[in-house]
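Below is one structure, written out as structure tokens; comments come after it.
First the proteins, then the strands, lettered A, B, ... as listed; each starts at 1.
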Amino acid sequence: MSQNEAGKPRVRFAPSPTGKLHLGGARTAIFNWAFARATGGTFVLRIEDTDPTRSTEENEGIILRAMRWLGLDWDEGPEVGGPYGPYRQSERYDFYDELIERLLAEGKAYYCFCSPEQLEADRKAAQERKDPFQGYQRRCRNIDPAEAARRAASGEPCVVRLKVPDGRGDVVVRDLIHGDVVFNAKELDDFVIRRTDGTPTYNFVVVADDIAMKMTHIIRGDDHVSNTPRQVLVYEALGAPTPIFAHVPMILGPDGKKLSKRHGATSVEEWRDDGYESEALVNCLALLSWSLDDKTTIIPREVLGREFSLERVSKNPAVFDPKKLLWMNGEYLQAKSDEEFAREVLEPSLVAAGLEERGCVDARPEWFSLLAQILKPRTKLAPEAAGLARFLYGELPEMDGKAERKGLGNERARPSLKAAKAALLGLESWEGDAIDAALEPLPDELGIKKRDFYQAIRVAETGSLASPPLGPSLQLLGKDRALKRLDASLEIAG
RNA sequence: GGCCCGUUCGUCUAGAGGCCUAGGACAUCGCCCUCUCAAGGCGGAGAUCGCCGGUUCGAAUCCGGCACGGGCUACCA
């Protein structure tokens, strides 16, 4: 097996730039990255852009951005270079051509002049006579090479097929997750490696590149297992050692079908744009078909990059659960310090909602620190923060109709508000604890249930039946506004 | 059709012959805390380990068959 200078693994993530990074692809990328980091190996990013219709520079940018956001840094690849570039397949056509010519010359591949119609007819016929083998019938396999070359040179449309060696018995795929998977070479087609238009096919280029880039382990989705024996044949034809494979199970939607658009957000940029923490997404995705041990669920990227092992990847496909992601996102938010929470969650959210300007945290660090304290345990997703903090903005709160009725539309409201106003008016220290202390004896004095008393105050101050604790909330509001809000509600209270 | 893969609570998983009367997490339910909403703490319910046979003193774990699901079988990647 080929290895890098240090004898360490070399792995790659090889997406085709189709416009977004799917969760399945992201998870494959995560496993490759984590494996490389955990083993001290090399993580290569290669762009498989042999399909010119979908592959644009813009789409490639999307992938690179998503990878960076996920925190999956690559050692070799676009923009960072490396000793085995270029790392874009569209820039390697000459290389592939050279290899194909070599296989042709060595008799390991041959020209095929069959038309699509011919192929289709053959397939139908095989079906009709119930032939278990419905692949290519090898019509052109025995054309004299010299003559075939002449016809090809003369411009006759043709493809190049890889010749499955006669007598090649079982093809064994060594797979770290599935164990040895055995295929009978007789089931394998002489498959196309170069199309009529001269472009090489995926099953060929992927191997050509993996050899050239000295990959030691191929970690990819389960949907590739059936193609692997074909690729093994390419390794052999090219005279290269076969790498070790690790086919990871697919990710499914809630209905058990392969994850796709109709399951909702399936690309990492959608989750990013919804405000999820990249580390939470990585953690959640890593836990699909992989586990650290029997109980750990919170696994920061850094730990993943230290502890990941292919031995602990399971064989079962996994259903992606957005609820778990949301919970995990909350866990990562809780783990932030108040300052981080203020800067990374509060400020962006409030700015996006038009409630604050950039730089607000720097301008009022203490205020934001308090806000972070009370909002952190209530925030599962960054953008929610603005909604929770909205009541702090504007002179008077946006009054919720139902809250107004329940909180202010009864005979307890008025005395509660008046008493609160009186108690707060004379307060010297406008600080959460002091505010709480001032309000605390009032319900008893008034003979009103705590619940009713605080509900009236809460609605008056926040316009809502649910809010963070009143003490710190009023502190954040400031004395003037807090009193003004009580006054305003006294006007409408029964 | 052929070939390949997979099958443990609703979901993610632990489990590599006795530690399993199957453990953890999410979701769910209840209780506690409490001025609301969260957070937190405690607890409950939830899996005849796809089915049927076999091996064994003993099987979720090993073997075989079946069922179901998925993948591949392209001049897509």
Practice task
Please test A:Arg168 against A:Glu236 for salt bridge (charged side-chain N to carboxylate O under 4.0 Å, His left out), starting from the C-alpha separation and ending with a verdict.
Solution key: CA-CA 11 Å; A:Arg168 180 69 172 80; A:Glu236 291 173 357; 2.7 Å; yes
Fill in the blank from the handout: Checking N1-N3 plus N6-O4 or O6-N4 for Watson-Crick, or N1-O2 and O6-N3 for wobble, each under 3.5 Å, the partner of B:C20 is none
Problem - Residue pair A:Leu310 / A:Ile219, side-chain heavy-atom distance below 4.5 Å - result: yes
Exercise for the section: Determine the Euclidean distance between corresponding P atoms of B:C72 and B:G30; express it in Å to zero decimal places. Expected result: 45 Å
Exercise for the section: Measure from CG on A:Leu325 to P on B:A27 and round the result to the nearest Å. Expected result: 12 Å
Handout entry: Sidechain-backbone polar pair: A:Gln334 side chain, A:Lys376 backbone, donor-acceptor under 3.5 Å
Key = yes
Write down the protein N/O and nucleotide N/O pairs, taken from nucleotides 63-65 of chain B, whose separation is under 3.5 Å; answer none if there are no such pairs.
none

Handout entry: Value in whole Å for how far the C1' atom of B:C72 lies from OH of A:Tyr202
Key = 12 Å
Practice task
Using a heavy-atom cut-off of under 4.0 Å over every strand shown, decide if A:Met250 touches base, sugar-phosphate, or nothing.
Solution key: sugar-phosphate
Exercise for the section: Check whether the side chains of A:Asp223 and A:His247 place a donor and an acceptor atom closer than 3.5 Å, and report yes or no. Expected result: no
Practice task
Scan side-chain atoms only and decide if A:Arg390 and A:Ser464 contain a donor-acceptor pair under the 3.5 Å cut-off.
Solution key: no
Exercise for the section: Just name whichever nucleotide pairs with B:C42, Watson-Crick or G-U, keeping both distances under 3.5 Å, else none. Expected result: B:G30
Problem - Whether over 12 other heavy atoms sit under 6.0 Å from A:Arg451 CZ - result: no
Problem - Nucleotide nearest A:Lys295 (side chain, heavy atoms from C-beta), chosen from B:G24, B:A77, B:C4 - result: B:G24
Handout entry: Atom NZ of A:Lys421 with >12 non-hydrogen neighbours under 6.0 angstrom
Key = no
Exercise for the section: Examine B:G71: is either OP1 or OP2 under 4.0 Å from a nitrogen or oxygen in the side chain of A:His224? Give yes or no. Expected result: no
Practice task
Apply side-chain contact (heavy atoms from CB on, under 4.5 Å) to A:Phe204 and A:Tyr96, showing your working.
Solution key: CA-CA 8 Å; A:Phe204 181 77; A:Tyr96 306 132; 4.3 Å; yes
Fill in the blank from the handout: Partner of B:U56 under the Watson-Crick or G-U wobble criteria, both distances under 3.5 Å, comes out as none
Exercise for the section: Classify the nucleic acid contact of A:Val182 as base, sugar-phosphate or nothing, counting any heavy atom under 4.0 Å across all strands shown. Expected result: sugar-phosphate
Handout entry: Spacing between A:Tyr136 atom OH and B:C72 atom C1', to the nearest angstrom
Key = 21 Å
Handout entry: Closest to the A:Glu187 side chain, choosing from B:C75, B:G2, B:A74
Key = B:G2
Problem - Residue pair A:Ile374, A:Leu388: steps toward the side-chain contact (heavy atoms from CB on, under 4.5 Å) verdict - result: CA-CA 10 Å; A:Ile374 63 173; A:Leu388 295 172; over 6 Å; no
Handout entry: A:Arg27 (side chain) donor-acceptor with A:Pro249 (main chain) under 3.5 angstrom
Key = yes
Exercise for the section: Not counting sequence neighbours, which residues clear salt bridge (Lys or Arg N to Asp or Glu O under 4.0 Å) with A:Asp452? List them please. Expected result: A:Arg412
Problem - P spacing across the pair B:U48 / B:C12, given as an integer number of angstrom - result: 16 Å
Exercise for the section: Round to a whole Å and report the spacing from CD of A:Glu440 to P of B:U34. Expected result: 12 Å
Problem - P atoms of B:G46 and B:C4, separation to the nearest Å - result: 41 Å
Exercise for the section: Could you tell me whether A:Gln455 contacts a base, only the sugar-phosphate backbone, or nothing, with contacts defined as non-hydrogen atoms closer than 4.0 Å? Expected result: nothing
Handout entry: Nucleotide paired to B:U48 in any strand shown, Watson-Crick or G-U, under 3.5 Å
Key = none
Practice task
Report yes if at least one side-chain N or O of A:Arg230 is closer than 4.0 Å to OP1 or OP2 of B:C4; otherwise report no.
Solution key: no
Exercise for the section: Using the C1' atom on both, measure B:C5 against B:G10 and round to a whole Å. Expected result: 25 Å
Exercise for the section: To the nearest Å, give me how far apart CD (A:Gln89) and P (B:A77) are. Expected result: 9 Å
Problem - Heavy-atom check, side chain of A:Leu325 versus side chain of A:Asp321, under 4.5 Å - result: no
Exercise for the section: State, without any angle test, whether A:Asp122 and A:Tyr136 hold a side-chain donor-acceptor pair at a distance under 3.5 Å. Expected result: no
Exercise for the section: Look at all strands and tell whether A:Phe183 reaches a base, only sugar-phosphate, or nothing, counting heavy atoms closer than 4.0 Å. Expected result: sugar-phosphate
Handout entry: Of the listed nucleotides B:C35, B:C4, B:A27, the one nearest the side chain of A:Ser226
Key = B:C4
Exercise for the section: Give one of base, sugar-phosphate or nothing for A:Thr196, where a contact means two heavy atoms less than 4.0 Å apart. Expected result: base
Handout entry: Derivation and outcome, side-chain contact (heavy atoms from CB on, under 4.5 Å), residues A:Glu404 and A:Ser489
Key = CA-CA 9 Å; A:Glu404 182 176 330; A:Ser489 283; over 6 Å; no
Exercise for the section: Measure the distance from NE2 on A:His178 to C1' on B:C72 and round it to the nearest whole Å. Expected result: 13 Å
Exercise for the section: Rounded to whole angstrom, note down the C1' distance from B:C26 over to B:C33. Expected result: 23 Å
Practice task
Apply the test side-chain contact (heavy atoms from CB on, under 4.5 Å) to residues A:Ile143 and A:Cys140: give CA-CA distance (whole Å), side-chain angles for both, the deciding distance (0.1 Å), then the verdict.
Solution key: CA-CA 5 Å; A:Ile143 296 175; A:Cys140 300; 3.7 Å; yes
Problem - B:C72: pairing nucleotide in any strand, Watson-Crick or G-U under 3.5 angstrom - result: B:G2
Completion exercise
Counting primed atoms, P, OP1 and OP2 as sugar-phosphate and everything else as base, the B/S/- map of nucleotides 36-42 of chain B against protein heavy atoms under 4.0 Å is BBBS---
Practice task
Please confirm whether the backbone N or O of A:Leu381 pairs with a side-chain atom of A:Thr379, one donor and one acceptor, at under 3.5 Å?
Solution key: no
Fill in the blank from the handout: Any strand, both distances under 3.5 Å, Watson-Crick or G-U wobble: B:C37 pairs with none
Problem - Inter-nucleotide C1' distance (B:C42, B:A47), Å rounded - result: 24 Å
Handout entry: Short side-chain N/O contact to B:C35 OP1/OP2 from A:Lys450, under 4.0 Å
Key = yes
Practice task
For A:Cys158, answer base if it contacts any base atom (sugar-phosphate contacts may also be present), sugar-phosphate if it contacts only those atoms, and nothing otherwise; contact means non-hydrogen atoms under 4.0 Å.
Solution key: nothing
Problem - Nearest-Å distance once atom C1' is located in both B:U34 and B:C20 - result: 40 Å
Practice task
Report yes or no: is the cationic atom of A:Arg92 (NZ for Lys, CZ for Arg) closer than 6.0 Å to the six-membered ring centre of A:Phe95, at no more than 45° off its axis?
Solution key: yes
Practice task
May I ask you to say what A:Val159 touches in the nucleic acid, namely base, sugar-phosphate or nothing, with a heavy-atom cut-off under 4.0 Å?
Solution key: base
Practice task
Summarise how protein sits on nucleotides 7-17 of chain B as a single string, 5' to 3': B when a protein heavy atom is under 4.0 Å from the base, S for sugar-phosphate-only contact, - for no contact.
Solution key: SS--SBSSS--
Exercise for the section: Any pair with a residue in residues 188-203 of chain A that passes salt bridge (charged side-chain N to carboxylate O under 4.0 Å, His left out), sequence neighbours left out, goes on the list, sorted by first then second residue, please. Expected result: A:Asp97-A:Arg194, A:Glu101-A:Arg194, A:Arg138-A:Asp190, A:Arg141-A:Asp190
Exercise for the section: Remember a base hit wins even if backbone is also touched, and classify A:Asp223 as base, sugar-phosphate or nothing at under 4.0 Å, heavy atoms. Expected result: sugar-phosphate
Show me the protein contacts with nucleotides 44-48 of chain B, counting only N or O atoms at under 3.5 Å.
none

Handout entry: Nearest-angstrom distance, P atom, B:A74 to B:A60
Key = 42 Å
Practice task
Please determine, for B:U7, whether a Watson-Crick or G-U wobble partner exists with both distances under 3.5 Å, and give it or none.
Solution key: B:A67
